[in-house]
Q: 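Here it is, the structure in full.
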Amino acid sequence: MAPLQGQELLGNLLGCEPDRRRRRDRCLPEPAVLGRHARLHLVASAPLRRAGLKRPLRPPRRHDPRGVADAPGRWCRISALMSDPIHVSSVRELSRNIGNQVILSGWLDNKRSSGKIAFLQVRCGGGTVQAVAGRKDVSDEAWADIEKVTQESTIRLTGTVKEEKRSPSGVEIQLAGFEILHLTQDFPITPKEHGTAFLMEHRHLWLRSSRQRSALRVRSEVEQAIRDFFYERDFTLIDSPILTPAACEGTSNLFETDYFGDKAYLSQSGQLYLEPAAAALGKVYCFGPTFRAEKSKTRRHLMEFWMVEPEIPFLEFDGLCDLTEEFVAYLVRRVLERCQPELKVLERDQSKLEAIVPPFPRITYTEAVERLNKAGNPIVWGDDFGGDEETILASQFDRPVLVSRFPAAFKAFYMQPAPEDDRVVLGVDLLAPEGYGEIIGGSQRIHDHDLLLQRIRQHDLPLEAFQWYLDVRKYGAYPHSGFGMGIERFVAWMCGLSHLRETIPYPRMLYKIYP
RNA sequence: UCCUCGGUAGCUCAGUGGUAGAGCGAUCGGCUGUUAACCGAUUGGUCGGGGGUUCAAGUCCCUCCCGAGGAGCCA
């Protein structure tokens with residue numbers, strides 16, 4: 001129940017008849033949750049006075065910030081002292097405080113003023129609201145402060161909330177008081193344009209801009225949706241280790257660190273650690289940071305990124321493709337449902353996202369090669385796709401396409417060979433539309449001990465480092481499948497951003513680790 | 001690592017071998033409904049570093065540094 005504030009507190013408590021002799025009296029719902037700054041003054045109303053009760057009733061919890069008026073059956077009237085403004089910690093709370101006095105602390109986004117009127121754009125709780133002050137509405141001291149306050153200064157303001165069509169948000173605060181908590185000098189990011197190199201040097205301050213705030217809110221929603229998706233389907237979250245003794249897949253470059261005299265590496269995937277856990281707990285997933293020391297210098301790569309990886313026992317390849325499709329459709333729907341303000345700030349073409357509904361087209365690698373050749377791309381069977389190939393393929397569909405059954409030669413060692421043709425493996429990549437490319441890579445894993453051993457040897461991997469991984473095939477082997485999704489690529493797709501660096505608060509890129 | 005393009009005021013950028021420029025910001029003044037407010041004035045420079053060609057280099061050449069985009073690799 002939303003706290004009752006200000007004038008709403010005037011009324012009769014607990015389901016009694018409204019006292020119609022006083023216009024402002026109203027009947028409160030039961031139980032009434034009182035706003036933080038409500039001061040209760042309960043007095044016996046006429047029927048109780050007639051019954052002989054003369055002294056005021058004590059309020060249930062006087063000055064309790066979250067007080068509940070819980071005096072069931074009492075026949076009494078509440079009145080509130082209206083002198084204290086209501087503390088507001090986010091501009092989102094303003095729409096239910098129309099007409100009330102509020103007090104709000106935040107940062108000054110921008111200011112526009114003429115000689116005798118000033119408009120302040122105030123950021124509070126991630127959103128912004130316009131505050132307006134006329135010269136005569138505030139004290140001389142407050143007006144002097146309004147005149148000298150600078151962009152990104154910290155301020156505290158008091159005023160009345162009102163609906164106002166001329167305000168960008170439709171709500172406005174008519175200022176009564178204004179106070180500078182900290183006067184900022186020369187905030188580097190001005191309201192005009194800046195280059196990305198400059199903005200990245202000031203990433204810690206760039207976060208305050210509306211587009212960056214929106215992208216990070218979408219990221220937060222996506223991460224919440226991921227956890228909800230797996231929680232609702234009875235998965236257990238397994239936090240895989242970040243420090244690992246050896247390469248998980250052996251192909252990519254790893255960040256090396258010292259581990260008490262031994263070498264250790266930052267994890268590039270949690271999947272291998274998930275497979276033993278799946279034998280213990282059933283459906284599992286991991287979700288955490290991942291590190292690749294590849295010298296990739298493109299808009300689609302970060303050195304540190306977040307990956308979610310589910311692993312499902314007894315799920316075979318077709319079921320994996322179904323899960324991939326269901327997962328992506330769920331996340332897109334959640335973003336559309338809960339991130340409307342953010343998508344509007346980002347000017348995302350939402351019709352492109354609304355089209356992301358099952359079923360997704362599914363083609364094999366061999367079919368993909370044929371399609372590419374028809375489209376004039378000279379790729380031959382056995383080559384891996386590059387960015388161009390992914391874009392051409394994805395552009396042939398209006399929703400993500402699942403490409404499966406790749407040549408074993410360029411895929412990871414643990415992928416299960418296809419039953420009909422052992423030159424290809426049961427791996428699947430999901431290519432997103434609009435040039436966003438590979439979002440998900442998954443596969444059915446080899447569960448036969450001897451075959452996996454053979455693959456480890458073929459890939460020249462250090463056998464001793466994989467003994468524990470082989471144990472999964474030694475003690476109760478089971479078919480299983482899973483996939484990995486890069487959060488930043490997915491968020492970039494949702495937001496329509498061309499570069500991953502804006503989808504993570506502090507991106508780590510080639511040679512760049514500041515701030 | 002390779003390829004391409006860049007580096008000029010705090011920021012974004014013009015600049016034809018011949019006097020270093022604009023807009024924004026900042027500072028000062030004006031303006032009672034602004035929407036990246038507007039109007040006037042002021043302020044602001046190691047032209048990325050070094051070397052060379054030239055009477056003269058921001059401009060041409062060499063070299064190094066830094067940045068952006070892409071390739072490979074991948075999510």
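All chains are named by letter (A, B, ...) in the order of the sequence lines, taking the proteins before the strands, and each is independently numbered beginning at 1.
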Q: Taking any heavy-atom pair under 4.0 Å as a contact, classify E164(A): base, sugar-phosphate, or nothing.
A: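 Here E164(A) touches the bases of the nucleic acid.
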
Q: What is the distance from NZ of K411(A) to C1' of C73(B), rounded to the nearest Å?
A: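 After rounding, the reported distance stands at 12 Å.
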
Q: State which residues pass side-chain hydrogen bond (donor to acceptor under 3.5 Å, both in side chains) with R208(A); sequence neighbours excluded, sorted by chain then number.
A: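 With sequence neighbours excluded, R208(A) shows a side-chain hydrogen bond (donor to acceptor under 3.5 Å, both in side chains) to E152(A), given in chain and number order.
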
Q: Answer yes or no: is there a donor N or O on one side and an acceptor on the other, between the side chain of R489(A) and the main chain of R300(A), under 3.5 Å?
A: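 Confirmed, R489(A) side chain pairs with R300(A) backbone.
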
Q: So, does K512(A) get its side chain near the phosphate of A68(B), meaning an N or O under 4.0 Å from OP1 or OP2?
A: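 Yes, K512(A) has a side-chain N/O under 4.0 Å of OP1/OP2 on A68(B).
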
Q: Watson-Crick or G-U wobble partner for A22(B), using a 3.5 Å limit on both distances?
A: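 Because both required distances fall under 3.5 Å, A22(B) counts as paired with U12(B).
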
Q: My understanding is that a pair needs two contacts under 3.5 Å, Watson-Crick or G-U wobble. By that rule, which nucleotide pairs with A56(B)?
A: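 Answer to the pairing question: none, since A56(B) forms no Watson-Crick or G-U pair.
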
Q: If you measure from the P atom in A57(B) to the same atom in U43(B), how many Å do you get, rounded?
A: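 After rounding to an integer number of Å, I get 28 Å for this pair.
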
Q: Specify the residues of residues 110-127 of chain A, ordered by number, for which at least one heavy atom lies under 4.0 angstrom from an atom of RNA chain B.
A: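 Correct list: N110(A), R112(A), S113(A), S114(A), G115(A), K116(A), I117(A), F119(A).
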
Q: Would you list the pairs meeting ring-ring contact (aromatic ring centres under 6.0 Å, His included) in which at least one residue belongs to residues 117-150 of chain A, sequence neighbours left out?
A: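 The answer is none; no pair qualifies.
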
Q: How would you label the contact of D384(A) with the nucleic acid (heavy atoms, under 4.0 Å): base, sugar-phosphate, or nothing?
A: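 Since only primed, P, OP1 and OP2 atoms lie under 4.0 Å of D384(A), the category is sugar-phosphate.
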
Q: Heavy atoms under 4.0 Å, any strand shown: does E304(A) hit a base, just sugar-phosphate, or nothing?
A: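 The residue E304(A) makes no contact with any strand.
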
Q: Using residues 506-515 of chain A as the side-chain source, report each donor-acceptor pair under 3.5 Å to any protein atom, sequence neighbours left out, with the distance given to one decimal.
A:
| residue | atom | partner | partner atom | Å |
| --- | --- | --- | --- | --- |
| R508(A) | NH1 | P515(A) | O | 3.2 |

Q: Quick one: label I440(A) by what it contacts on the DNA or RNA (base, sugar-phosphate, nothing), any heavy atom closer than 4.0 Å.
A: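 Contact class for I440(A): sugar-phosphate only.
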
Q: Give none if G67(B) has no partner; otherwise give the nucleotide forming a Watson-Crick or G-U wobble pair with it, both distances under 3.5 Å.
A: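 The answer is C5(B), by the H-bond criterion.
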
Q: Looking for any heavy atom pair under 4.0 Å, which part of the strands does R300(A) touch: base, sugar-phosphate only, or nothing?
A: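 The answer is base, as R300(A) lies within the cut-off (heavy atoms under 4.0 Å) of a base atom.
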
Q: Taking only residues two or more places apart in sequence or in another chain, which ones pass salt bridge (Lys or Arg N to Asp or Glu O under 4.0 Å) with D322(A)?
A: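 Counting only residues at least two positions away or on another chain, D322(A) forms a salt bridge (Lys or Arg N to Asp or Glu O under 4.0 Å) with R362(A).
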
Q: Measure from OH on Y511(A) to P on G67(B) and round the result to the nearest Å.
A: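 Computing the Y511(A):OH to G67(B):P distance gives 10 Å.
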
Q: Should K297(A) be listed as having a side-chain N or O under 4.0 Å from OP1 or OP2 of G69(B)?
A: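 Negative; the distance criterion is not met.
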
Q: Can you name the residues that form a salt bridge (Lys or Arg N to Asp or Glu O under 4.0 Å) with R423(A), not counting sequence neighbours?
A: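 By the salt bridge (Lys or Arg N to Asp or Glu O under 4.0 Å) rule, R423(A) matches D421(A).
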
Q: Determine the interatomic distance between P on G44(B) and the same-named atom on C28(B); round to the nearest Å.
A: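 Taking atom P in both G44(B) and C28(B), they lie 16 Å apart.
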
